[in-house]
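Atoms within a ligand are numbered from 1 in the order they appear, just like the ligands themselves.
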Amino acid sequence: MTAQSSSSSRCVCVPGPVNVGAGPSGLAEAACLKEKGVPSIILERSNCIASLWQLKTYDRLRLHLPKQFCELPFMGFPTDFPKYPSKKQFVEYLQCYANKFDIKPRFNETVQRAEFDSKLGLWQVKGVAGDGKKQITEHVCRWLIVVTGENAEAVVPKIEGMGEFGGSIKHTSLYKSGDEYRGKKVLVVGCGNSGMEVCLDLCNQNAKPSLVVRDTVHVLPREMLGKSTFGLSMWLLKWLPIRFVDRLLLIVSWLMFGDTSRLGLDRPRLGPLQLKNLSGRTPVLDVGTLAKIKSGPIK
Ligand SMILES: NC(=O)C1=CN([C@@H]2O[C@H](COP(=O)(O)OP(=O)(O)OC[C@H]3O[C@@H](n4cnc5c(N)ncnc54)[C@H](OP(=O)(O)O)[C@@H]3O)[C@@H](O)[C@H]2O)C=CC1
Ligand SMILES: O=C(O)C(=O)Cc1c[nH]c2ccccc12
C-alpha cells in the first residue's frame with residue numbers, strides 16, 4: 001500500500017506478454033498467442049474493445065477495403081456481411097472474435113510507464129485504474145507488446161484566431177454526422193480519407209462544406225473495373241514493378257475522374273503506392289466526394 005489512502009498499489013507477475021491496447025491488432029495478436037498456448041493480458045485505457053471504432057468515428061463509416069483484406073487470423077467475416085462492412089458490423093465481428101478466443105482485456109486501465117530492468121530481463125509496467133480512487137498495478141513480465149495504433153491521439157492544429165471564432169470547432173474523432181450542420185457553412189481542414197468523407201456526409205445532410213487542401217494528394221476510386229483498387233493493386237504487384245502499377249492506377253483514375261488538379265487536388269510527384277511505401281501517406285479512396293466537388297456543392 002502507498003502512503004496515500006486514496007490509492008492502492010499491488011504487484012503481479014504475468015507469465016506471458018503484456019499487451020497495451022485492445023484494438024483489432026491487440027485482439028489479433030492475443031488470439032495468435034493463445035493459439036500457441038501462450039497466455040497474455042491486455043491493458044486497455046478505454047472501457048471497451050476497439051474504442052476508436054466504437055467511440056471516435058462517424059456514423060457512415062464503412063471499411064474502405066473489401067472484408068477479405070481486413071479479417072483477423074483464424075476467423076473470417078460472416079458470409080452474409082457485405083463486401084464493405086459497416087462500422088457496426090465490424091465492431092460486432094471484433095466482439096465475436098474476442099468471445100471466441102476468450103480474450104478479456106483489463107478495461108479502464110491506463111499504462112503510464114514501462115521500464116525494462118536489463119539485469120533481471122523483466123519489464124515493469126505501471127497500470128493505473130479507477131478515477132478518484134486510483135488502483136495502481138505493477139505488472140512484471142518478460143515481454144511488452146505495444147499495440148496502441150496509429151491514430152489514437154487527436155491532433156488539432158493551432159490556428160490563428162481560433163479563440164475568437166464564434167462557431168464550433170470539432171475534431172473528426174467527435175464528429176458523428178452532418179445532421180447538426182444542416183444549412184450551415186462548414187470548413188473541413190484536411191483532405192485525408194476522413195476529411196473527404198466528412199465533406200460528403202455534410203453535403204448529403206444539406207450543409208455547405210468547403211475543403212482545405214494544403215498539400216498534394218492522390219485520390220483513387222475505391223473500385224476499378226468492378227475490382228477493389230486495393231485488391232487490384234496487391235494482385236498487380238505480384239507480377240509488375242511498383243512504378244508500373246502506379247502508372248496503371250493513375251491512368252485508370254484519370255479515365256474515371258479526369259484531371260483532379262482542375263478541382264484543386266494536385267497529385268504528388270511519386271505514385272500512390274510508392275508514396276505509401278516511402279512515407280506512409282495513404283491514398284484517398286473516393287466514395288463519391290469528387291463528384292460533389294465537380295458538380296459544385298463541395299467547394
Ligand atoms: N473507411 C475507411 O477505411 C477510412 C479509413 N481512414 C484511415 O484512417 C487513417 C486516418 O485518416 P485521416 O483521419 O483522414 O487522417 P490523415 O492523417 O490521413 O489525414 C489528415 C489530413 O489533414 C491534413 N492536415 C493536417 N493538419 C493540417 C493543417 N494544419 N492544415 C491543413 N491540412 C492539415 C493532412 O495534410 P498533409 O498530408 O499535408 O499532412 C492530411 O491531408 C488513414 O489511414 C485513413 O486511410 C480514414 C477514414 C475512413
Ligand atoms: O485506407 C487505408 O488506411 C489504407 O491503408 C489503404 C491502402 C493502403 N495501400 C493502398 C493501395 C491502394 C489503395 C488503398 C490502399
Side-chain angles (χ1 to χ4, degrees), residues 23-25 50 52-53 56-71 82-91 93 148-162 169-177 187-201 210-225 227-238 240 242-250 252-253 256 260 264-289:
S25 302
L52 220 56
W53 278 87
K56 299 192 173 175
T57 51
Y58 44 85
D59 296 343
R60 59 158 287 147
L61 181 68
R62 288 182 166 270
L63 293 179
H64 269 175
L65 310 185
K67 59 181 181 177
Q68 70 267 27
F69 298 109
C70 301
E71 65 188 30
K83 185 173 181 183
Y84 299 100
S86 67
K87 135 165 124 171
K88 190 164 160 275
Q89 289 167 324
F90 187 56
V91 170
Y93 165 76
T148 47
E150 291 181 338
N151 302 300
E153 302 300 334
V155 179
V156 181
K158 291 204 170 34
I159 302 168
E160 220 183 303
M162 247 174 151
I169 300 179
K170 203 180 248 190
H171 185 263
T172 21
S173 56
L174 298 174
Y175 176 97
K176 293 292 159 202
S177 125
L187 186 70
V188 177
V189 178
C191 68
N193 275 302
S194 300
M196 292 287 266
E197 196 161 351
V198 163
C199 273
L200 179 63
D201 189 51
S210 303
L211 180 61
V212 173
V213 188
R214 74 166 166 189
D215 204 351
T216 54
V217 57
H218 275 302
V219 184
L220 305 177
R222 185 178 60 168
E223 294 197 340
M224 295 177 169
L225 318 160
K227 297 272 169 226
S228 80
T229 301
F230 180 82
L232 197 65
S233 305
M234 295 308 123
W235 184 78
L236 287 169
L237 282 174
K238 289 187 196 169
L240 301 169
I242 190 163
R243 284 175 52 212
F244 208 81
V245 180
D246 268 340
R247 273 282 165 77
L248 284 173
L249 293 178
L250 290 175
V252 179
S253 297
M256 291 176 71
T260 56
L265 300 166
D266 291 328
R267 290 192 182 274
R269 255 179 351 103
L270 272 180
L273 300 180
Q274 276 195 298
L275 191 69
K276 172 81 186 168
N277 274 1
L278 287 174
S279 73
R281 275 177 71 194
T282 309
V284 169
L285 294 180
D286 180 64
V287 286
T289 310

TODO: Would you sort out whether His218 and Ser253 count as a side chain to side chain contact (heavy atoms under 4.5 Å, CB included), showing the intermediate values?
DONE: CA-CA 10 Å; His218 275 302; Ser253 297; over 6 Å; no
Give a yes or no on this: more than 12 heavy atoms of other residues, nucleotides or ligands lie within 6.0 Å of atom [atom1] of [X].
X	atom1	result
Phe69	CZ	yes
Lys170	NZ	yes
Lys176	NZ	yes
Lys276	NZ	yes

Open item on the list: Taking Lys83 first and then Glu223, would you say they form a salt bridge - that is, a charged N and a carboxylate O separated by under 4.0 Å?
Closed with: yes
Open item on the list: Please classify the His64 to ligand 2 contact at 4.0 Å (heavy-atom distances, strictly less than): side chain, backbone, both or neither.
Closed with: neither
Open item on the list: Heavy-atom distances under 4.0 Å decide this one: backbone, side chain, both or neither, for Leu273 against ligand 2?
Closed with: side chain
Open item on the list: Among all the protein's non-hydrogen atoms, which is closest to atom 10 (C) of ligand 2, and how far away is it?
Closed with: Phe230 CD1, 3.5 Å
- [ ] Starting from atom 2 (C) of ligand 2, find the nearest protein heavy-atom neighbour and note its residue, name and distance.
- [x] Thr282 CG2, 3.3 Å
Task: Atom-level proximity to ligand 1, residues with heavy atom under 4.0 Å - done: Tyr58, Leu61, Arg62, His64, Asn151, Pro157, Val189, Gly190, Cys191, Gly192, Asn193, Ser194, Arg214, Asp215, Arg281, Thr282
TODO: Return yes if some donor-acceptor pair links the side-chain N/O of Thr229 with the main-chain N/O of Pro221 below 3.5 Å, else return no.
DONE: yes
Task: Arg222 to Tyr84, cation-pi by 6.0 Å centre distance and 45° axis angle - done: yes
